[in-house]
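Working notes for the structure below.
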Amino acid sequence: MVGNAKRIIEFLEERYGPMRHRYNEDPFRLLISCVISQRTRDEVSERVSKRLLSVANTPRKINGLPMAKLRRLIKSSGTYRQKAKHIKGIAKIILEKYHGRVPKDRAKLMELPGIGPKCSAIVLSYGFGVPIIAVDVNVERISKRLGLAGEKDNIEAVREKLQKFFQRNKWLEVNVGMVRFGRDICLPQNPKCKICPLLAICPFGKKRTKNDYP
Ligand code: SF4
């Protein structure tokens with residue numbers, strides 16, 4: 001298994017390059033983007049987040065935004081009424097309880113409206129550089145296909161297994177690398193198993209390509 005972990009990391013680093021510089025993103029922007037991304041396709045949520053954050057990118061500005069305007073700005077991301085409520089709630093709590101600064105604490109992050117295990121890990125990892133594997137849909141799907149986690153594991157169980165499997169100093173690489181791999185080769189539908197360098201260690205890929213590789 002250690003060999004497989006090394007192989008996966010080497011592949012991710014070789015294909016997607018050095019990834020350390022990405023871990024200083026604005027934690028507040030990450031929180032808001034994460035709420036908007038829920039149950040929404042990446043390209044839509046990226047566009048909507050950019051639109052909202054170009055108008056209001058701090059807790060104070062979001063707090064001052066009229067609810068109707070906020071809803072209008074994020075409407076195309078779906079379930080926008082609930083998301084708007086969460087975004088307002090997050091801004092208010094951060095202003096009133098944390099003096100405008102996003103807390104660097106997983107339990108406190110998970111107390112914010114609409115913020116669960118995935119978003120809290122994303123904020124800690126990408127915003128504060130805290131070593132934690134953020135399990136999004138890509139990371140979950142790839143981990144299960146590679147047999148690193150069980151089919152029925154929830155995202156916390158997947159995270160714990162991945163954090164045991166990979167060395168701590170590689171957790172941040174796993175975040176970015178697996179997300180890119182999931183958009184590039186290990187796609188949700190029709191993964192490109194035949195050209196995948198991890199096919200030899202992937203139970204899902206081997207099963208899928210059995211007839212091509214007897
Ligand atoms: Fe994903 Fe297929 Fe590669 Fe397995 S072999 S990791 S399923 S692309």
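Counting begins at 1 with the first residue of the sequence. Atoms within a ligand are numbered from 1 in the order they appear, just like the ligands themselves. Atoms considered below: every heavy atom in the structure, side chains included; atoms not considered: hydrogens, waters and symmetry mates.
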Next on the checklist: Is it true that Ser77 and Arg39 share a donor-acceptor pair across their side chains at a distance under 3.5 Å?
Outcome noted: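 No - no donor-acceptor pair under 3.5 Å links their side chains.
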Next on the checklist: Do Thr40 and Lys83 pair up side chain to side chain, a donor and an acceptor below 3.5 Å, judged on atom types alone?
Outcome noted: yes
Next on the checklist: Once you restrict to heavy atoms under 4.0 Å, what part of Phe181 touches ligand 1? Side chain, backbone, both or neither.
Outcome noted: side chain
Item to check | More than 12 heavy atoms from other groups under 6.0 Å of NZ on Lys88 | outcome: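 Above 12, so yes.
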Next on the checklist: How about CD on Glu14, more than 12 heavy atoms from neighbouring residues, nucleotides or ligands closer than 6.0 Å, or not?
Outcome noted: no
Checklist entry - Are there any protein N/O/S atoms under 2.8 Å from atom 4 (Fe) of ligand 1, and if so, which? => result Cys202 SG
Item to check | Criterion disulfide (SG to SG under 2.5 Å) on Cys34 and Cys119, from CA distance to verdict | outcome: CA-CA 6 Å; Cys34 207; Cys119 290; 2.2 Å; yes
Checklist entry - With sequence neighbours left out, which residue pairs that include part of residues 106-119 fulfil the side chain to side chain donor-acceptor pair (under 3.5 Å) condition? => result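 Sorted result for residues 106-119: Arg106-Ser120, Arg106-Glu156.
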